[in-house]
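Each remark here refers to the structure printed beneath this line.
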Amino acid sequence: MNGENESFECEGCGTVVPFEDARRAETMGDLDPTKWQTLCCPRCGSRLKTVFVGDE
């Protein structure tokens, strides 16, 4: 999984969001929600990144 020092720039509003502040949301499509999470901007709700959170 991504490190806690990572951050993402939101394409929707331009906010730089630290990994630990990103809002977690359920994934879309056929991805297993126990293995994948979608990170979203806490300011505008735009999707930042989908990350693997399951055991490898």
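What's counted below: heavy atoms across the whole structure, side chains too, no hydrogens, waters or symmetry copies.
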*Exam field: side chain R23 to backbone D21, donor-acceptor pair closer than 3.5 Å*: no
_Between V53 and K35, does the side-chain contact (heavy atoms from CB on, under 4.5 Å) criterion hold? Intermediate values first, please._
CA-CA 5 Å; V53 295; K35 296 182 180 176; 5.5 Å; no
[X] and [Y]: which non-hydrogen atoms are nearest, and at how many Å?
{"X": "S7", "Y": "V16", "answer": "OG-CG1, 3.8 Å"}
{"X": "C13", "Y": "C44", "answer": "SG-SG, 3.8 Å"}
{"X": "C40", "Y": "R47", "answer": "SG-CA, 4.2 Å"}
{"X": "F19", "Y": "R24", "answer": "O-NH1, 3.3 Å"}
{"X": "L48", "Y": "A22", "answer": "CD1-CB, 4.1 Å"}

*Give, for atom CD of Q37 and atom NZ of K49, the distance between the pair rounded to the nearest 0.5 Å.*
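Output value for this atom pair is 13.5 Å.
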_L39 CG to E20 CD distance, which is reported to the nearest 0.5 Å_ =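 The distance works out to 11.0 Å.
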*Could you label the plane-to-plane angle of the F52 and W36 rings as parallel, tilted or perpendicular, counting under 30° as parallel and over 60° as perpendicular?*
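Correct class here is perpendicular.
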